[in-house]
Amino acid sequence: MGAAYIGRFAPSPTGPLHAGSLVAALASWLDARAHGGQWLVRIEDVDTPRCVPGADRTLLAQLACCGLAPDLAPVWQTRGTGVYQAALDRLVEERHAYPCGCSRRDVELALDALGRPHRRNAELVYPGTCRAGLAGKPGRAWRFLTRAAPVEWNDRRLGPQRQDVESEVGDFVLLRADGLWAYQLAVVIDDADQGITHVVRGEDLADNTARQILLQRALRLPTPGYLHTPLVLGANSEKLSKQNGAQPLDLGDPLQALNSAALVLGLPARTGPVGQALAAWSHQWRDSYNLPGD
Ligand code: GLU
């Protein structure tokens with residue numbers, strides 16, 4: 001038998017829960033319940049400039065109102081940043097990470113010189129300029145040294161996935177030039193620290209998975225199972241967000257909000273108390289998603 005199931009919902013406190021983020025919250029809760037596992041909540045607040053004061057409390061109150069209570073007390077990333085430094089030190093020691101002195105402009109110029117396109121998903125594909133050393137420039141950030149080998153992984157909804165991180169993403173940032181820890185490193189360390197066995201999150205994050213698997217391998221941490229849930233689209237056909245009209249959840253009618261999220265997950269609308277609806281959905285979950293037994 002594998003490790004006991006531990007799942008999580010890891011919102012960034014950049015605003016209240018909305019119809020899109022509730023889908024990921026509900027799916028991760030249902031998956032944990034369907035497996036008889038634990039469900040944890042982690043407030044991902046390392047990107048402090050994007051955090052909105054009080055949004056963490058609002059998110060937790062909204063989850064509670066929807067009957068989604070974590071099995072252990074929630075944790076905040078900023079309470080444990082020492083562990084990220086220890087992980088970076090280890091990566092540097094084992095030559096998986098190197099300092100980078102490039103500004104955004106430097107990266108754009110280097111890509112021009114190589115005749116390569118600038119962007120992929122709005123991010124610059126770092127061409128590895130500082131791999132050979134800083135050439136007298138001061139170090140600004142720390143990057144993970146990727147290798148030309150595709151990462152293959154299986155998503156329980158999207159199926160087999162493959163990404164060559166070196167050519168498609170480039171050496172990615174671990175510690176940012178502004179001194180903040182990058183999401184990729186923080187999420188990998190936190191998932192491992194909390195013993196997360198299954199990650200269930202929105203499909204917009206699927207593209208990060210290969211980077212996270214590379215970090216897990218370099219740090220000799222286990223790779224959890226992954227399931228990326230369908231996105232709720234906003235008026236402009238992009239992922240629903242505050243910028244394209246997402247409204248905070250109506251706490252006056254949590255069942256209605258849950259029913260909308262359930263629909264996105266292919267589950268039928270329910271009536272009655274929230275607790276009963278959640279229990280019924282968790283029983284249907286395994287069949288609806290036709291999950292391989294684990
Ligand atoms: N904090 C991330 C977000 O809110 C989610 C991270 C994750 O689930 O891996 O987009």
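Indexing begins at 1, ligand by ligand and atom by atom, following the structure's order. Quick note: numbers below take in every heavy atom, side chains included, and nothing from hydrogens, waters or symmetry partners.
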Atom pairs and distances, ligand 1 N/O vs protein N/O under 3.5 Å:
unit_1: ligand 1; atom_1: 1 (N); unit_2: Ala10; atom_2: O; d: 2.8
unit_1: ligand 1; atom_1: 1 (N); unit_2: Ser12; atom_2: OG; d: 2.8
unit_1: ligand 1; atom_1: 1 (N); unit_2: Glu44; atom_2: OE1; d: 2.6
unit_1: ligand 1; atom_1: 4 (O); unit_2: Ser12; atom_2: N; d: 3.2
unit_1: ligand 1; atom_1: 4 (O); unit_2: Ser12; atom_2: OG; d: 3.2
unit_1: ligand 1; atom_1: 8 (O); unit_2: Arg8; atom_2: NH1; d: 2.6
unit_1: ligand 1; atom_1: 9 (O); unit_2: Arg8; atom_2: NH2; d: 2.9
unit_1: ligand 1; atom_1: 9 (O); unit_2: Tyr183; atom_2: OH; d: 2.9
unit_1: ligand 1; atom_1: 9 (O); unit_2: Arg201; atom_2: NH1; d: 2.8

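- Arg143 and Thr129 share no donor-acceptor pair across their side chains, judged by distance under 3.5 Å alone.
- Relative orientation of the Phe144 and Phe172 rings is parallel, given thresholds of 30° and 60° on the angle between their planes.
- A donor and an acceptor atom, one from each side chain of Arg270 and Gln276, are nowhere located under 3.5 Å apart.
- Not a single donor-acceptor pair under 3.5 Å links the side chain of Thr14 to the backbone N or O of Arg50.
- Here the side chain of Arg33 pairs a donor or acceptor atom with the backbone of Gly37 at under 3.5 angstrom.
- Every residue two or more places apart in sequence or in another chain was checked for a side chain to side chain donor-acceptor pair (under 3.5 Å) with Gln38, and none qualifies.
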